[in-house]
There are 2 protein chains.
Amino acid sequence: MRIGELAARTGVSVRSLRYYEEQGLLVSTRSGGGQRHFTHDDIERVDFIQRLYVAGLSSRTILELMPCRYAPSDENSDAALDRMAQERDRLSAHIKELLHTRDSLDDLITAARADRDDRRTAA
Amino acid sequence: MRIGELAARTGVSVRSLRYYEEQGLLVSTRSGGGQRHFTHDDIERVDFIQRLYVAGLSSRTILELMPCRYAPSDENSDAALDRMAQERDRLSAHIKELLHTRDSLDDLITAARADRDDRRTAA
DNA sequence: CTTGCAGCTCACATTGATGTCAGGTTTTAG
DNA sequence: CTAAAACCTGACATCAATGTGAGCTGCAAG
């Protein structure tokens, strides 16, 4: 499929897909006049990339993890595996922080509601 | 305390503290020749700001939440409260996504390890 | 008083992912 | 064949938080 279709199917902009390719996250074959062609598998791949972006990984880091998923027999896979475990831990720590922050927000909301209700009752 | 001390106590750079003030997240009194003075409470306040930054809120959004925490009797507090609940939900959704991503990474790690071990056993 | 660290303002640089525009080519539909 | 729609490259713009440097001033210790 051409880039526009991949964009439509993944919800990622054409611009971003070209950028992913430029960063080595995505590979395309060029057809005739130079237009990119992608396979059906690339849809899942783009989804995966997106997920890692959401998790706060940079394109550089995502690139390092790619062999682990798409070329698991590579000799670099040990390093990629370590990298992945490391990112998993980072993500876990981040999640923990966010849970903590959410608790803070909950406390704040509860306090603010109580405060507001106090004021309303007093008024 | 002066800005350098606040920076040291919070682990936030002097540059960033000035930026926070510029964005209205922080208020200082100016002493004599124009130097900023902060109170002890500002330490906790900066920590709070940092936490929200980590949670992915922008300075603009954080600013909107401030009345809720530091001026709860303000008439804007209803709006701030809504905003805060909204951000809480956004954060919750984000956490859910991250948990999902972490699961993906776990699966990947598990698969990659099995794959590697297979290769080692085969060799 | 002097010296030096800390602070001030202003302004420009950086980073990363993405938007956007321009000018040209390919592909597809009619 | 032709027009429109999709694609190409390349370059510049954007946003937000922060870094950095210049040039100047405040403040505290010797």
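Below, chains carry the letters A, B, ... as their sequence lines are ordered, and counting in each starts from 1. Side chains included, hydrogens not; waters and symmetry mates left out as well; all remaining heavy atoms used.
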Phosphate OP1/OP2 of C:dA17: any A:S16 side-chain N/O under 4.0 Å: no
Tell me: CG of B:L26 to P of D:dA17, nearest whole Å? 14 Å
What's B:R30 touching, base or sugar-phosphate or nothing? Going by heavy atoms closer than 4.0 Å. sugar-phosphate
Could you give the CD-to-P distance, from A:Q35 to D:dT9, as a whole number of Å? 10 Å
For A:V14 and for A:S31, locate the closest nucleotide of DNA chain C by heavy-atom distance; then report the residue assigned to the nucleotide nearer the 5' terminus. A:V14
More than 12 heavy atoms from other groups under 6.0 Å of NE2 on B:H37: yes
Under 4.0 Å, heavy atom to any atom of DNA chain D: which of residues 2-12 of chain A qualify? A:R2, A:I3, A:G4
Cluster overlap B:V27 with B:I49, hydrophobic side-chain contacts below 4.5 Å: no
To the nearest Å, give me how far apart CD (A:Q50) and P (C:dA17) are. 11 Å
Lys/Arg N to Asp/Glu carboxylate O, A:R18 vs A:E22, below 4.0 Å: no
Just the rounded figure in Å: distance from C1' of C:dC8 to CD of B:E22. 13 Å
Ranking A:R15 and B:G32 by the position along DNA chain D of their nearest nucleotide, the one closer to 5' is A:R15
Given 3.5 Å as the limit, does a donor-acceptor pair link the side chain of A:D42 with the main chain of A:T39, or not? yes
Output the distance between atom CG (B:L63) and atom CZ (B:R83), rounded to the nearest 0.5 Å. 10.5 Å
When all nucleic acid strands are considered with a 4.0 Å heavy-atom cut-off, which category describes B:S28: base, sugar-phosphate, or nothing? nothing
Can you say whether a donor on the side chain of A:R18 sits under 3.5 Å from an acceptor on the base of D:dT9, or the other way round? no
Is a salt bridge present between B:E87 and B:R90, judged by a nitrogen-to-oxygen distance below 4.0 Å? yes
Distance in angstrom units between A:F38 CZ and D:dA6 C1', rounded: 14 Å
Hey, does the side chain of A:Y53 come within less than 4.0 Å of C:dG16's phosphate (OP1/OP2), counting only N and O? no
Contact under 4.0 Å: A:S13 side-chain N or O vs C:dG19 OP1/OP2: yes
Checking contacts here: which listed nucleotide (D:dG19, D:dA17, C:dG16) is nearest the side-chain heavy atoms of A:Y19? C:dG16
Taking only N and O in the side chain of A:R36, is any of them less than 4.0 Å away from OP1 or OP2 of C:dT27? no
Going by distance alone, is a donor N or O of one side chain under 3.5 Å from an acceptor N or O of the other, for A:T61 and A:S58? yes
Does a nitrogen or oxygen in the side chain of A:S59 sit under 4.0 Å from OP1 or OP2 of C:dA17? yes
